[in-house]
Amino acid sequence: MSETALNEAGPQVLEADGIRIEFGGRQVLSSVYLRVQTGQIVGLLGRNGSGKSVLLQTIFGARAVADASVRVNGRRVVPAFRERGLLNYLPQEPLLPPSLTLARAARLLGVDLENATARFPELRPQFDKRIGELSVGSARLVQALLLLHADTAFSLFDEPFSGVMPVHVETLAEEMQHLKQRKGLLITDHRYAEVLPLCDVVYLLHQGRLLRLDGDVREQLRDYGYLAG
Amino acid sequence: MLTRWRAGLLFYRSAAPFMLGISGLILGAVLLPSIYEGRSRGILPALLLAKLATAPVVWLLSERLRPGQYWFYFNLNISRRQLWRGAVALDGLLFLGSAWLMRAALS
């Protein structure tokens, strides 16, 4: 297994293409090309069942797809999760084993928990609690923070704001803005009002195709039926 | 490397209830009677094979009951195959150790 050194010379570029997925004869993804670079937050929007999670899992390498190509700076990395320091992934479902304490989970992920939760003082008394003892919202927030602060070039987040209370959503969004200086983030979340202002680039998954939206993003989201007219 | 070992142990702990249960069943229902009946010589390789043959069942149960259990380990750069290889090796060693101890104590 090779190690992905952080490229001091310039941004790292994560690209995915050739991803075609069918479920029960229905083409979920076709002709997908997606690009994220360090220093960017990229938003991935789409209706329920449009294949957003499948796409993230395929890029992460957890889902084997024939002909899928995932590259970093032009070098093929499949499955990408095996490449140390390259990327991490927050799934929609709980990430951490419920029996693990927060402190131990952070140690395993190589994250400084004090630093990661510096803007969330209410999490401090919970460091020695098991993940299964945290509230759903706190567990979600902690998982997002741990992956955000982990030393990877990219983070793929599937609904990171789900279940997190509004005041924490704002601070988490600020953390993302701050940390994008050293990593690239690919985020999918239905809370578009929070996601859109964060994004440097927005993609929409629509009828199996991935469309890059430029210009008036909200207007286009309405045109494609993602937002109500 | 230490992180991988710790993660491997954590994963084994989650699969241990199935694996140790099967070990207990084989040791209690097969090895113990054969020790008392004085025919336990040379039985360990066959028991180990029987034990290893149950690994796919444990894997299937684990996949069905905890489909999302791998995400954390993937984030530690560890694949499914590596997790199960480690768990089966550790479980096999524990099984052999327990069988050997039982025979040494009861024969």
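Order of the sequence lines sets the chain letters (A, B, ...), proteins ahead of strands, with each chain counted from 1.
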Residue pair [X] / [Y]: nearest heavy atoms and the distance that separates them:
| X | Y | value |
| --- | --- | --- |
| A:Leu95 | B:Asn75 | CD1-ND2, 3.2 Å |
| B:Leu76 | A:Leu108 | CD2-O, 3.2 Å |
| A:Phe81 | B:Phe74 | CD1-O, 3.5 Å |
| B:Asn77 | A:Arg82 | O-NE, 3.4 Å |
| B:Arg13 | A:Arg104 | NH1-NH1, 4.1 Å |
| B:Arg80 | A:Ala62 | NH1-O, 4.3 Å |

- Message: Is the ring pair A:Tyr89/B:Trp71 parallel, tilted or perpendicular, if the boundaries are 30 and 60 degrees?
- Response: perpendicular
Does [atom1] belonging to [X] count more than 12 external heavy atoms closer than 6.0 Å?
| X | atom1 | result |
| --- | --- | --- |
| A:Arg47 | CZ | no |
| A:Arg130 | CZ | no |
| A:Phe127 | CZ | yes |
| B:Tyr36 | OH | no |

- Is it the backbone or the side chain of B:Leu2 that comes under 4.5 Å from a heavy atom of chain A, or both, or neither? neither
- Task: Please look at B:Arg66 and chain A and tell me whether the side chain, the backbone, both or neither of the residue comes under 4.5 angstrom of a heavy atom of that chain.
- Result: neither
- In terms of heavy-atom proximity below 4.5 Å to chain B, should A:Gln143 be classed as side chain, backbone, both, or neither? neither
- Item | Choice from A:Pro79, A:Ala80, A:Pro91 maximising heavy atom contacts with chain B below 4.5 Å | A:Pro91
- Considering only heavy atoms from C-beta outward, does the side chain of A:Arg107 approach that of B:Thr3 to under 4.5 Å? no
- Under a 4.5 Å heavy-atom cutoff, which of B:Phe72, B:Phe11, B:Tyr73 has the most pairs with chain A? B:Phe72
